[in-house]
Every structure is written in structure tokens, then in C-alpha cells.
Amino acid sequence: MNRWSKQLIPTLKESPQDAEIPSHQLMLRAGLIRKLGGGLYTFLPLGLKALRKVERIVREEMDRAGALEILMPALHPREVWERTGRYEVLRDVMFKIQDRQDRELVLGPTHEEIVTDLVAREISSYKQLPRNFYQIQTKFRDEIRPRFGLMRAKEFIMKDAYSFDVDSDAADVSYKAMYDAYVRIFERCGLRTKIVEADTGAMGGSSSHEFMVLADAGEDGLVECEDCPYAANLERAETGKLPPLVFDGAEEEVETVDTPGARTIAEVAEFFATSPARMIKTLVYVADDEPILVLAPGDRDINEIKLTRALGASELALADDAVIEQVTGAPVGFAGPIELSGVRMIADEKLRGCQGCITGANQADRHIKNVNQARDLPNLTFADLVFARDGDPCPRCGGTLRQKRGIEVGHVFKLGTKYSEKLGALYLDEHGKQHPAVMGCYGIGVTRTLQAVIEQSHDSDGIVWPSAIAPFQVEVLIITPKHGPSMEMGLELAAALESAGIDVLIDDRDERPGFKFKDADLLGLPVRLSVGEKSLARGVVEIRNRRTGESSDAVREEAVEKIRQML
RNA sequence: CGGGGCGUAGCGCAGUCUGGUAGCGCGGUAGCUUUGGGAGCUAUAGGUCGGGGGUUCAAAUCCCUCCGCCCCGACCA
């Protein structure tokens, strides 16, 4: 019997100062978590109960998909990370420590190296493949900026899985199995997710999908097509072809114009009394030590991931002022592609065929107008370099893309053989020939998923838990605990519910009814069963659905069955 | 790391500009009343005013410095 009076459920009437988004506020107010420091949280009994339910769903679906649960250490010797070169890549996100022998260890931010090392030692034959290993474990990342409670924490619980296959086709099958398992997991958690094409980032690999929970508080931008299933993370999203940008002055010769004080796109556009879209934004980047002139429409933002990819660069950064002046021969703010030689240029596709545009003259306080790409910049290299945005055409069907924000709760990657080659995860085929295993990796942010559920399912009164992961499914609220018959009836019903396999919390506190009702709404358990003197006098108890707010009376005998049907 | 904000009782805040007995609401404890949507009255406990240094007869308040937290940005699996 779980009695509130014996629990630790410290609810708060007011929202703590340092919580900004609804899910974070509610987790604190409903007594699920407490903060220890930035990005560090204690799970209180109720929060832990919900977390365990998410974990159980994840475990069941991973097992069902044939993955094998293991548990790897959170502490790793530095050398393992150096073997793949990722010590450098992830240097800044890893917590580093020394043991008493001054050996260097890191707290694991992820486990590709560790699991691949295991497979390298234990698997040697095609007969042992495919295999998929997973764990549910605490990860550590020295986040630049922890945020929003569990949404981005320094320490968080992740389910990570790693598949190993004989070849790429087989790996696709493993990938699909995980993809399908993820769909079921999030469905069972009561989450509506949007699956988007994603960038593989520091993970490497060929393709990946992210499972996003649409929410204004989400940290990731994404676009989805109104007319077809296309959806992608903004980091990756492409756009369909737009008509060439043609403005007034298209037929006229280029002309250099004095533009005193107009330096930014907005200032220049204002000077010419036109829109930023007419500007050819010219940025100087340095890619692997080589300066590059990057051109884009003035109202678009450069997507550095796309740019890096298009250039085939490994390092990319905006040039500093000195480099810009050296390349353009002018102060910052007046760069342009016209009559500039000796520097590599790349332009966004949307500038192809543009006419009547305005750009910098590579002279202080001067710009050039009537630029016609085909005539004035005939030898440009084009690539997709800018972020897609709301209203752009869909790259698949030409429909309209809508921009949204989302919380990334799951991510699946096809990794290829990057890790298996470097760490020697090789197997022998039936002809005795050695091959690296083809890998995939699959993550679910378990703690983040829990918070995402609340972000997606709450109202002005509190949390609205999906039944599957609610800390308890039913709250038996005894209105006047001092009234003997009420208490007896409450305990009896709670016992009956529990024998029916339903999790029950009994609010037996000696508090005013209104106070307890408010707390019940805040906690948001799916069903509230109120036992009070008045209704007992009529021989009934009250059953209320948290989500719909509908309530109805039930006699003792039918209460359990009625509740069971609501869950 | 850049920009902004904050740090005063468990929580939410006032007081800081203009130095002079540390406050309010909620919460806690005890009692009485109340009891179907965050009750009322009374009493009571609870503070290194984030830390350190300085100025001053006197510092929550002014100065220096450090720390922590939140937001925006950059960055990130």
C-alpha cells in the first residue's frame, strides 16, 4: 500500500525560479525531481517510478527485437578513445579524471568504442552474426550549456544499442528492426513522435533518422512537408528548386554605388530601399586553412554542416577580420564576388540565374548593383549551402515545407565499418576471408523521453500522464481520512485495485479536500478515485478521468472494473 | 566562451539606487475553529543577506574579487 503520508512527494504550489519550460516546472512542482547542481538531478520516488516504467518499455521492446542486454563500464581508459581518434573529436564533451596511479580515464559519453572492442575480442565468425547489444546506463557529457532540467543534463540515462552484421544489406535489416522497435517504444510511452532524416555529426556513418517530439521548447529545428512524408532535421533539410531570383535592373550593366555607412545586409537593403533577398551575402570562411568565399541570398543563413560537406573540409570556421581584409582588400562588410580572383568561391543553388542583385564592391562604403549571375559570375560552383525554412518547396514532391521545433528522443545511425576497422572487429566468412563487421548504433534518451512526455502531455493544472508510464495509475483520494468508513472504503478499494495489478497511490493526508484535489491534478495520475462521506452516504465513490476531466459515480463492486477499462 | 539577469528563511519575493534594529506571502511546528477545489485565528521556530577582502563610527546596501544558478547566442552524439 502506497500511502502519501508515508511517501516523499514534495509538491510545490509555486514554480521554482530556475525552471522555464512547462515540463521542467511540473517535474519540480509534482515532486518528481530535485536539482543538485546545474544539469544534475535527483530522482525522487515518484520520478523514479515513472523512469523505471519507461525503462521497462524500452527493455521489453529491445528484447523483443532480439537485442541482448549487457552493461558496460561508465569509466573508460583514455586509450580506447584514442584508438579511433575520437578522443580528439569528443575531447571537450568528455569528463576526464585520473586514478591514484595517474592513469587517465574518461566518463563515457557514449559507447561505440567500448562495445566494438568487446566484439573484436569475442566474435570471430560469420556464424556469430548478426548480433545487437544494448544497455541502459548513465552517460556523462560536459555540456556547454545544460538546459531545461533533464532535457540536457551533464549526467543522463540513455539506452544505447549497437548492431553488428556481415554486410551492408544485413545491417539494413538490423537498422529497420531498431527503427520499428523505436516506433513501438515511443507509441507505448504515449508519445507522438515525428521521424526525420538527420545528420550523422560526430558519430559518422551514412544515414540516420531522429525521433522527434514536436514541442516549442525543443532544441532542434526541423521541417516537414505538408503534402508528403518528407521530414528532416534543419541541419540536413534540403529544399526543392525555386525560380531564379530576378529583380529590377536585371538588364542593366553593373554599377558601383557609394553606400556610406551601410555595412550589414539590413543596412544595405535599407539604403537601396529593397529587400535583403536581393543582396548576395558574401562570407569568408576558412576551410582547412584555405580561405573560401561563400555566397548566398541575403535573407538566408549558411548551414555550416552543408558547407563543410560541400567543400569536403574537415575544419571550417568563419574567417577573422584580418583574413577578410586580406582576401577582399576591403574592411569587413563590403565583400563581394565581382572581379575578385585568387580565391575559391562557392555559391548557394538559390543564386543560380539570379539577376538584378546587389553585393559588396570590395571597397569601403561601396556596393555593386545590377549583378546578373550568368553574365557577371559565369563560372561559379553551386551547392546547397543554406538552411531550409518555413514555406520552402519540398525536395521530394514540391509541396510546402513547414518549420517546427522538436525534442530529439531517439536517434538511429548506420555506421558502416568505421569503428570495426579501427578496433579490429573482424569476422571470417564461409570462405575464410576476413571482413570488418558492419555496424549500426541506436540511442534513446531515457530521462529526456520522460520529460518529453510531460512537455507533450500537460495542462494548466498539472501533468497528464499516459497510463503506461504514470508513476501510479490511480490515486485513491480519501477526502476525510478521519472519517472511519471513508478510510476503510478507500483502503479496501486500493487493495482491490492492487490485486487487479493496478498501481495505486492513496492520498490519506489529513488536509483540506481542495488542497488534495489540486495536488491530484498536479501529479496527474490517469484516474482519481475519491472516497468521501457525502458520496458514501449515497453508496458510491467518484471516479474521475484526469485527461478528460469527466467524472462519474460507481458503486463499490463496479469501481475496479470501471477503472480497469479507463487505463 | 560572448551577451544579459539573478543570488536575502524550505519556496516565491521586497528591501540595494539614497549605508543606520532584516521584512512580506506561502510553507513548517503547536493549539482552536474549519472541511467536496490550494481555509481562518493565535502562538512559535527558522537568516554566515552566495564566499572572501576592502571603504566606513556603521555594509544586504558602496568598491574589489571569487563562486553558483538561469536565459539568449556560439557549440554539440
Side-chain angles (χ1 to χ4, degrees), chain A residues 10-21 24-25 28-29 31 34-40 81 84 86 89-94 108-113 139-149 151-154 156 158 160 162 198-205 208-210 217 219-220 233 235 301 304-305 308 315-318 408-413 415 419 441-445 448 461-462 477-483 486 507 509-523 528-538 540-542 544 549 551 553:
Chain A
T11 56
L12 303 170
K13 184 159 34 171
E14 292 170 288
S15 196
Q17 175 62 45
D18 55 7
E20 196 87 348
I21 64 172
H24 186 197
Q25 292 174 343
L28 291 164
R29 288 189 54 209
R34 283 296 181 264
K35 182 169 75 176
L36 173 64
L40 303 170
W81 287 88
T84 57
R86 284 218 300 178
V89 179
L90 297 178
R91 175 192 285 276
D92 293 337
V93 287
M94 292 199 286
T110 176
H111 280 70
E112 283 75 22
E113 278 76 0
K139 303 284 190 236
F140 299 87
R141 294 182 186 178
D142 190 0
E143 292 289 348
I144 295 172
R145 181 144 94 90
R147 235 197 276 238
F148 302 148
M151 211 62 102
R152 179 166 291 264
K154 287 182 177 161
F156 60 97
M158 183 177 192
D160 46 327
Y162 307 88
D199 186 73
T200 53
M203 203 61 97
S208 79
H209 290 90
E210 286 169 339
E219 294 189 279
D220 288 280
N233 192 305
E235 291 177 346
D301 294 320
E304 294 188 358
I305 292 169
T308 306
E315 266 185 69
L316 180 83
L318 271 170
E408 179 191 349
V409 289
H411 201 157
V412 293
F413 296 84
L415 287 179
Y419 298 95
C441 75
Y442 317 94
I444 288 179
R448 181 185 282 183
D461 292 319
L477 191 157
I478 298 166
I479 290 171
T480 313
K482 281 187 283 198
H483 177 245
S486 292
D507 190 349
R509 293 175 301 170
D510 184 18
E511 295 285 355
R512 296 172 64 80
F515 184 89
K516 299 209 282 189
F517 287 137
K518 286 290 186 189
D519 260 357
D521 289 342
L522 178 59
L523 251 57
R528 186 186 81 197
L529 193 166
S530 308
V531 183
E533 214 170 332
K534 288 182 188 168
S535 44
L536 275 188
R538 290 186 288 123
V540 296
V541 293
E542 185 210 41
R544 186 167 190 267
S551 62
D553 289 341

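Lettering follows sequence order; numbering is per chain, from 1.
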Distance between [atom1] atoms of [N] and [M] (Å, rounded):
| N | M | atom1 | result |
| --- | --- | --- | --- |
| rC17(B) | rC62(B) | C1' | 11 Å |
| rG54(B) | rU8(B) | P | 24 Å |
| rG12(B) | rU18(B) | P | 29 Å |
| rU29(B) | rC76(B) | C1' | 49 Å |
| rG20(B) | rU61(B) | P | 10 Å |
| rG73(B) | rA45(B) | C1' | 46 Å |
| rG46(B) | rG10(B) | P | 12 Å |
| rA60(B) | rC32(B) | C1' | 39 Å |

Now, which nucleotide makes the Watson-Crick or G-U wobble pair with [N], with each of the two distances under 3.5 Å?
| N | result |
| --- | --- |
| rC49(B) | none |
| rU61(B) | none |
| rC13(B) | rG23(B) |
| rA74(B) | none |
| rC32(B) | rG40(B) |
| rU56(B) | none |
| rC6(B) | rG68(B) |

Result for 5'-nearest mapping on RNA chain B, choosing between F156(A) and G39(A), is G39(A)
The answer to which of K154(A) and E143(A) contacts RNA chain B further toward the 5' end, by nearest nucleotide, is K154(A)
If you compare all heavy atoms of F517(A) against all heavy atoms of R528(A), which two are closest, and at what distance to 0.1 Å?
CD2-NH1, 3.3 Å
[X] [atom1] - [N] [atom2] separation (whole Å):
| X | N | atom1 | atom2 | answer |
| --- | --- | --- | --- | --- |
| D18(A) | rC72(B) | CG | P | 13 Å |
| I305(A) | rC75(B) | CD1 | C1' | 11 Å |
| E20(A) | rC72(B) | CD | P | 7 Å |
| H24(A) | rC69(B) | NE2 | P | 13 Å |
| E408(A) | rC75(B) | CD | P | 17 Å |
| Q17(A) | rG68(B) | CD | C1' | 14 Å |
| R91(A) | rC76(B) | CZ | P | 16 Å |
| D199(A) | rC76(B) | CG | P | 10 Å |

Within the 4.5 Å heavy-atom criterion, are [X] and [Y] side-chain neighbours or not?
| X | Y | value |
| --- | --- | --- |
| W81(A) | P109(A) | yes |
| R509(A) | D519(A) | yes |
| R544(A) | S530(A) | no |

With E113(A), which residues qualify under salt bridge (charged side-chain N to carboxylate O under 4.0 Å, His left out), at least two apart?
R86(A)
Check salt bridge (charged side-chain N to carboxylate O under 4.0 Å, His left out) between K139(A) and all other residues, then give those that pass, not counting sequence neighbours.
D160(A)
Looking at [X] and [Y], would you say the former's side chain and the latter's main chain have a donor-acceptor pair under 3.5 Å?
| X | Y | result |
| --- | --- | --- |
| K482(A) | D510(A) | no |
| R34(A) | L28(A) | yes |
| R448(A) | M151(A) | yes |

Let's see if you can work this out: which of rC76(B), rC71(B), rC69(B) has an atom nearest to the side-chain heavy atoms of R147(A)?
rC71(B)
Looking at the side chain of R152(A), which of rC75(B), rC76(B), rG12(B) is the nearest nucleotide?
rC76(B)
Looking for any heavy atom pair under 4.0 Å, which part of the strands does F148(A) touch: base, sugar-phosphate only, or nothing?
sugar-phosphate
Would you indicate what E304(A) reaches in the nucleic acid, counting non-hydrogen atoms under 4.0 angstrom: base, sugar-phosphate, or nothing?
sugar-phosphate
Can you list everything that forms a side-chain contact (heavy atoms from CB on, under 4.5 Å) with V540(A)? Sequence neighbours excluded, please.
S535(A), R538(A), D553(A), V555(A)
Provide a list of protein-nucleic acid N or O atom pairs under 3.5 angstrom, restricted to nucleotides 42-50 of chain B.
none

Check this one for me: any side-chain N or O of R145(A) less than 4.0 Å away from OP1 or OP2 of rC72(B)?
yes
Compute whether any side-chain donor of one residue and acceptor of the other, for S486(A) and H483(A), lie under 3.5 angstrom apart.
yes
For R512(A), all residues meeting side chain to side chain donor-acceptor pair (under 3.5 Å), sequence neighbours excluded:
none
Report, one pair per line, the protein and nucleotides 28-38 of chain B atoms (nitrogen or oxygen only) whose separation is under 3.5 Å.
residue	atom	partner	partner atom	Å
rU34(B)	O2	R512(A)	NH1	2.7
rG36(B)	O6	S535(A)	N	3.3
rG36(B)	O6	S535(A)	OG	2.7
rG36(B)	N2	E542(A)	OE1	3.2
rG37(B)	O6	R528(A)	NH1	2.9
rG37(B)	O6	R528(A)	NH2	3.3
rG37(B)	N1	D521(A)	OD2	2.9
rG37(B)	N2	D521(A)	OD2	2.1
rG38(B)	O2'	K13(A)	NZ	2.9
rG38(B)	N1	D519(A)	OD1	3.1
rG38(B)	N2	D519(A)	OD1	3.4

